[in-house]
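Below is one structure, written out as C-alpha cells; the observations come after it.
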Amino acid sequence: MTDNQQAFALIVCAIVFGVTIEMVRTRRLREEYSVLWLLTSCAMFFLVLRYEWLLGLTRLVGAVLPTTTVFLGALVFLLLIVIQFSMKLSRMTDQIKNLAQQNALLQREIEVLKQDGKEQEQGT
Amino acid sequence: MKRLLILIPAFNEEKSLPRVVTDVRRTMPDADLLVVNDGSRDATASVARELGVAVLSHPWNMGYGVALQTGYKYAHAQGYDLLVQIDGDGQHDPSSMADLLEPVVKDEADFVIGSRFHSSSTYRPSLARKLGMLLFRKLVSALVGQRLTDTTSGFQACNARVISYLTRDSFPCDYPDADLLILLHRAGFRIAERSVRMFADNGGQSMHSGLKPLYYVFKMFLSIGVTLLRSDRYR
C-alpha cells in the first residue's frame, strides 16, 4: 500500500467517524444506528494503519489480495446494516399496527361517551 | 346469558354490508355487531353507523388479518364470551352461524371453522385455488392430527380464551389461515369444523389477486415452519 493510498483511506475512515459522531450529536442519527458505522470506521482505520493486520486477516479469510478483504468487509458491513434495518422495520410495523388498532378502539370509546352524554342531557 | 359478538371485517363493502347486517340480525337478534372498517375508500363506515352497528375504523388499509385482530381486541376489552366472524362481502350465509357456534357453546371446542365444502354450498374456487387449498388442507390435517377440510375459511367462531389469545402479537396478521390453525393447536386449543353455506364470488376485489397467491404460498410455508419451531402454549 502506497503512502497516498494509506493517507486517503485513513482520511475517509476519519471523516465517516467524525460525520457519524456529529449526526449523533445533532440528533439526526440515533445512537443505536451509529454503532455499526462507528465500529466499521474504527476497524478500517486500524487495519489501514497497521497494514500487517490487514495482511494477516487476508491470510485468515483465504483471500489473495488485501483489497478483496476490504471489499468483503464492506459487503458484510452493508449486510449487517440491512438486517438491522429490516429488524427495526418489522418492529415498527408491529408498533404502528398496534397504535392504529388502539386509535380505532379509543375513537369508538369517545363516540360511545359522547352518545351517553347526549342521552343524559336529553334526559335532564 | 353469554354475550356474543358478530365481527364483520369490511373493506369497501358499502353495497353488500346492509344485506349482511340485516341477515345477521335476523339470524342472531340478541348478538352485538361490530364492523371493522379497514380504511375503506367508500362509505362503508357511514353505512354501518346508519345501520346502528358499532364501528371501528382503521386510519388506513392494513389488511384482513389486522382488521380481524382489531375486532378481537374490542371483544376482549368489552368482555364478550363468544365471537363469530363473518365476511362483509356477503359470501358467508349467516343462517349457518348457529351451527358454527354450537360446539363452542357446548364447550366441545374452543375454535370452530366453517367449512365451505358442503353439498349446499355454491362456492366454486378456481383450479389453482383448489390445488392450494388441497395442499394446505393435507398439511394442516397432518400437523394438527385431525381431518380439516377448509383451512382458509374466514367464517369462524371462538370462545373468550381464544379471543384473548388472538389479541397477542403472535397472531399472524398477514393471511391468518393454515398457520393460525397450527398456532391454536400448538397452544392447546380444541379445534372443530362445521359445514357452512357459502355463496359464489360476488365479483368483489379478491385479496388473492395478482402475484399475491405466490407470496401467500411462500408466507404460509414460512409461517407454518416457524410456528412449529416456537413454543407458545396458552395454558
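To find a chain, count down the sequence lines: A is the first, B the second, and so on, and within it residues start at 1. None of these values were measured; they are calculated from a predicted model.
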Quick one: donor-acceptor pairs under 3.5 angstrom, chain A versus chain B?
from	atom 1	to	atom 2	distance (Å)
A:K97	NZ	B:Q69	OE1	2.9
A:N98	OD1	B:K73	NZ	3.0
A:N98	ND2	B:D169	OD1	3.3
A:Q101	OE1	B:K73	NZ	2.6
A:Q101	NE2	B:V66	O	3.2
A:Q101	NE2	B:Q69	OE1	3.2
A:Q101	NE2	B:T70	OG1	3.2
A:E111	OE2	B:R49	NH2	3.2

Q.
For residues 19-40 of chain A, give me every residue with a non-hydrogen atom less than 4.5 Å from any non-hydrogen atom of chain B.
A.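 Answer by number: none.
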**Q.** Which atoms of B:V55 approach chain A - backbone, side chain, both or neither, heavy atom under 4.5 Å
**A.**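 Contact with chain A involves the backbone of B:V55 alone.
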Q: Tell me, for B:A54 versus chain A, whether the close heavy atoms (under 4.5 Å) come from the side chain, the backbone, both or neither.
A: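 The answer is both parts of B:A54.
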(Q) Can you tell me if A:F46 has over 12 outside heavy atoms packed within less than 6.0 Å of its CZ? (A)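 It does not: A:F46 CZ has 12 such atoms or fewer within range.
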